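The structure presented is a predicted model; accordingly, all values stated were derived computationally and were not measured. Residues: numbered from 1 along the sequence shown.
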Amino acid sequence: QVQLVESGGGLVQAGESLRLTCAASGSFFKINVMGWYRQAPGKQRDLVATITSGNSSTYADSVKGRFTISKDNAKNTVSLEMNSLKYEDTAVYYCKALILITDRHEYQFWGQGTQVTVSS
């Protein structure tokens, strides 16, 4: 079974930085897409950033210019570099992946989430 494990969350002041990392483990053929979503208290879970196997990236408008997503194919990890953090970035951040279990069967997986809290 595939597992996604996030790390790197914590408490920071506005203007500071954090780096989140998600590691995929288990039995699979290939990771097609990895991304980050976030959910603030009382709100829905929204997309933050994604990156494809071809290194094509997508960002939510609210984080463009401040966050950077990257991946390490050899380690099966994806990272989210968060700079100039704002109070509005406070949320639980979840890793999501679209993974080929075989070369023809793709499934969606979620991590357990990691808390990011930004004080104003």
Side-chain angles (χ1 to χ4, degrees):
Q1 186 174 358
V2 175
Q3 292 185 352
L4 302 178
V5 179
E6 304 101 328
S7 61
L11 294 163
V12 297
Q13 292 183 311
E16 296 183 339
S17 301
L18 280 176
R19 178 178 299 203
L20 307 182
T21 299
C22 174
S25 63
S27 180
F28 56 86
F29 182 75
K30 181 177 182 290
I31 300 173
N32 285 338
V33 184
M34 295 189 79
W36 292 92
Y37 289 68
R38 66 186 182 186
Q39 187 167 22
K43 301 184 68 175
Q44 66 180 10
R45 189 174 298 183
D46 294 325
L47 183 147
V48 178
T50 63
I51 187 166
T52 69
S53 60
N55 265 352
S56 178
S57 301
T58 299
Y59 296 92
D61 288 341
S62 59
V63 306
K64 286 181 179 177
R66 299 189 297 120
F67 292 10
T68 302
I69 189 168
S70 61
K71 62 183 176 68
D72 186 327
N73 293 331
K75 296 181 178 180
N76 292 321
T77 61
V78 62
S79 294
L80 185 68
E81 301 164 3
M82 305 185 294
N83 299 316
S84 302
L85 282 162
K86 305 174 180 179
Y87 171 78
E88 304 92 88
D89 297 317
T90 296
V92 177
Y93 284 69
Y94 296 90
C95 180
K96 177 186 175 182
L98 298 178
I99 296 177
L100 287 170
I101 303 302
T102 70
D103 62 348
R104 296 180 182 269
H105 297 91
E106 183 182 79
Y107 296 91
Q108 176 178 283
F109 298 92
W110 289 91
Q112 81 288 349
T114 185
Q115 177 71 48
V116 172
T117 302
V118 183
S119 63
S120 60

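The OG1 atom of Thr114 sits 11.0 Å away from atom CG of Leu80, with the distance rounded to the nearest 0.5 Å. Between the CD atom in Gln1 and the OG atom in Ser27 there is a gap of 11.0 Å [rounded to 0.5 Å]. Of the inter-residue distances, the one linking Ile99 atom CD1 with Tyr107 atom OH reads 12.5 Å to the nearest 0.5 angstrom. The distance from the CD1 atom of Ile69 to the OG atom of Ser79 is 8.5 Å, given to the nearest 0.5 Å. The distance from atom CG of Asp89 to atom OG1 of Thr117, rounded to the nearest 0.5 Å, is 11.0 Å. Asn32 CG to Ser53 OG: the interatomic distance, rounded to the nearest 0.5 Å, is 5.5 Å.
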query: Should Asp72 and Thr77 be marked as a side-chain hydrogen bond (donor to acceptor under 3.5 Å, both in side chains) after you check the CA-CA gap, both sets of side-chain angles, and the distance that decides it?
result: CA-CA 5 Å; Asp72 186 327; Thr77 61; 4.9 Å; no

message: Under the criterion side-chain contact (heavy atoms from CB on, under 4.5 Å), I'd like the reasoning laid out for Met82 against Tyr93: C-alpha separation, chi angles, the key distance, then a yes or no.
response: CA-CA 12 Å; Met82 305 185 294; Tyr93 284 69; 3.9 Å; yes

Working for side-chain contact (heavy atoms from CB on, under 4.5 Å), residues Cys95 and Val78: CA-CA 9 Å; Cys95 180; Val78 62; 4.1 Å; yes

- request: Determine, stepwise, if the pair Leu98 / Met34 fulfils side-chain contact (heavy atoms from CB on, under 4.5 Å).
  value: CA-CA 6 Å; Leu98 298 178; Met34 295 189 79; over 6 Å; no

Glu16 vs Leu85, side-chain contact (heavy atoms from CB on, under 4.5 Å): CA-CA, chis, key distance, verdict: CA-CA 6 Å; Glu16 296 183 339; Leu85 282 162; 5.6 Å; no

Trace of the side-chain hydrogen bond (donor to acceptor under 3.5 Å, both in side chains) decision for Gln39 with Asp46: CA-CA 6 Å; Gln39 187 167 22; Asp46 294 325; over 6 Å; no

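Checked by atom type, the side-chain pair Asn76/Lys71 shows no donor-acceptor distance below 3.5 Å.
In this structure a side-chain-to-backbone donor-acceptor pair under 3.5 Å is present from Arg66 to Ser62. Thr21 places no side-chain N or O within 3.5 Å of a backbone atom of Ser7 that could act as its donor or acceptor partner. Judged by distance alone, the side chain of Glu81 and the main-chain N or O of Arg19 form no donor-acceptor pair under 3.5 Å. In this structure, Glu6 contributes its side chain and Gln112 its backbone to a donor-acceptor pair below 3.5 Å.
Salt bridge present: Lys64 and Asp61 bring a charged side-chain N and a carboxylate O closer than 4.0 Å.
Tyr59 pairs with exactly one of Thr50, Thr68, Val48, Ile51 by the side-chain contact (heavy atoms from CB on, under 4.5 Å) rule, that one being Thr68.
Counting heavy atoms of neighbouring residues, nucleotides and ligands inside a 6.0 Å radius, atom CD of Gln108 exceeds 12 of them. With a 6.0 Å radius and a threshold of 12 heavy atoms from other residues, nucleotides or ligands, Gln3 has its CD atom at or below the threshold.
Across Ala91 and Ala40, no two heavy atoms sit closer than the pair CB-N, 3.8 Å. Residues Ala24 and Leu4 approach most closely at CB-CD2, 3.6 Å, considering heavy atoms. The shortest heavy-atom contact between Ser84 and Ser17 is N-OG, 4.2 Å. In plain terms, the two heavy atoms of Leu18 and Val116 that are nearest each other are CD1-CG1, 3.9 Å.
Ile31 and Val2 fall within a single hydrophobic cluster, where Ile, Leu, Val, Met, Phe, Trp and Tyr are joined by side-chain heavy atoms under 4.5 Å apart, directly or via other members.
Under a 4.5 Å side-chain heavy-atom criterion applied to ILVMFWY residues, the cluster that includes Trp110 comprises Tyr37, Leu47, Val92, Tyr94 as well.
Residues Trp36 and Val63 form no side-chain contact, since every pair of their non-hydrogen atoms from C-beta on lies 4.5 Å or further apart.
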